[in-house]
**Q** 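I have a structure I would like to understand better, so I am pasting it below and will then ask my questions one at a time.
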Amino acid sequence: MGIEVRFRGQSGKAWQFQRVATEAPWARTAGVAIFAAPDTYGWRIIRVVELSGRPNDVQPIWALADAERYGANAVFVALEFDAAARKAMAADIEEGFSPVCFSGHNRADAAPIAA
């Protein structure tokens, strides 16, 4: 893995992530992934996804492709095997950073779009 980076969520807790190469097998691990783009003062979070750890789960790969459309070119991964802890970590980071793309669990909380 690459450099260590800490992202502080809305709760104030600093979550530790490691930067990994986009072509590395990061999608097979259990944890949370952040797709980000360089910004003036650090990183702009484009998308946060939970990683199930299943070897054939293609959802994180599709999420990265979606995030790349918005400029993401870096992948950060935090290993976490407990599903409840993964969900809490992803939600805390999303609430603290307001990423460009929301994950599925926050869409239910978002305001409906008028027709």
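Because only heavy atoms are used, hydrogens play no part in the values below, and waters and symmetry mates are left out as well, while side chains stay in.
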**Q** Output, in order, the C-alpha distance, side-chain angles, deciding distance and verdict of side chain to side chain contact (heavy atoms under 4.5 Å, CB included) for V49 and V32.
**A** CA-CA 6 Å; V49 296; V32 174; over 6 Å; no
**Q** Taking only residues two or more places apart in sequence, or in another chain, which ones meet E68 in a side-chain hydrogen bond (donor to acceptor under 3.5 Å, both in side chains)?
**A** none
**Q** Looking at every non-hydrogen atom in both residues, tell me the closest pair between A21 and W26 and how far apart they are.
**A** O-CD1, 3.5 Å
**Q** Mind checking what makes side-chain contact (heavy atoms from CB on, under 4.5 Å) contact with D39, not counting sequence neighbours?
**A** R44
**Q** Which heavy atom of N73 sits nearest a heavy atom of A37, and at what distance?
**A** OD1-CA, 4.0 Å
**Q** For the side chain of D92 and the backbone of Q10, is there at least one donor-acceptor N/O pair under 3.5 Å apart?
**A** yes
**Q** Once side-chain contact (heavy atoms from CB on, under 4.5 Å) is applied, do any residues pair with A30, and if so which ones, sequence neighbours excluded?
**A** F81, R86
**Q** For A14, what residues pass the side-chain contact (heavy atoms from CB on, under 4.5 Å) criterion, not counting sequence neighbours?
**A** R6, R8
**Q** Going from CG on L64 to CD1 on I46, what distance comes out if it is rounded to the nearest 0.5 angstrom?
**A** 11.0 Å
**Q** Going through the checks in order, is the side chain to side chain contact (heavy atoms under 4.5 Å, CB included) test met by V77 and Q18?
**A** CA-CA 5 Å; V77 175; Q18 296 228 347; 5.8 Å; no
**Q** Which residue pairs satisfy the salt bridge (charged side-chain N to carboxylate O under 4.0 Å, His left out) criterion with at least one member in residues 52-63, sequence neighbours excluded?
**A** R54-D57
**Q** What's the separation between atom CZ in F17 and atom CD1 in I93, rounded to the nearest 0.5 Å?
**A** 3.5 Å
**Q** Output all residues satisfying side-chain contact (heavy atoms from CB on, under 4.5 Å) with A85, sequence neighbours left out; order by chain, then residue number.
**A** E80, D82
**Q** Could you walk me through whether D66 and R47 pass the side chain to side chain contact (heavy atoms under 4.5 Å, CB included) test, one step at a time?
**A** CA-CA 9 Å; D66 188 37; R47 188 159 187 186; 3.2 Å; yes
**Q** List for me each residue that meets ring pair (Phe, Tyr, Trp, His ring centres under 6.0 Å) alongside F76, sequence neighbours excluded, and say none if there are none.
**A** F7, W43
**Q** Roughly how far, to the nearest 0.5 Å, is the CD atom of E50 from the CE atom of M89?
**A** 9.5 Å
**Q** Where is the tightest heavy-atom contact between Q16 and A78, given as atom of each residue plus distance?
**A** O-CB, 3.3 Å
**Q** If hydrophobic residues (ILVMFWY) are linked whenever their side-chain heavy atoms come closer than 4.5 Å, directly or via other members, who joins V58 in its cluster?
**A** W62
**Q** Can you name the residues that form a ring pair (Phe, Tyr, Trp, His ring centres under 6.0 Å) with W15, not counting sequence neighbours?
**A** none
**Q** So, taking the atom named CG in L51 and the one named CZ in R28, what distance separates them when rounded to the nearest 0.5 Å?
**A** 13.0 Å
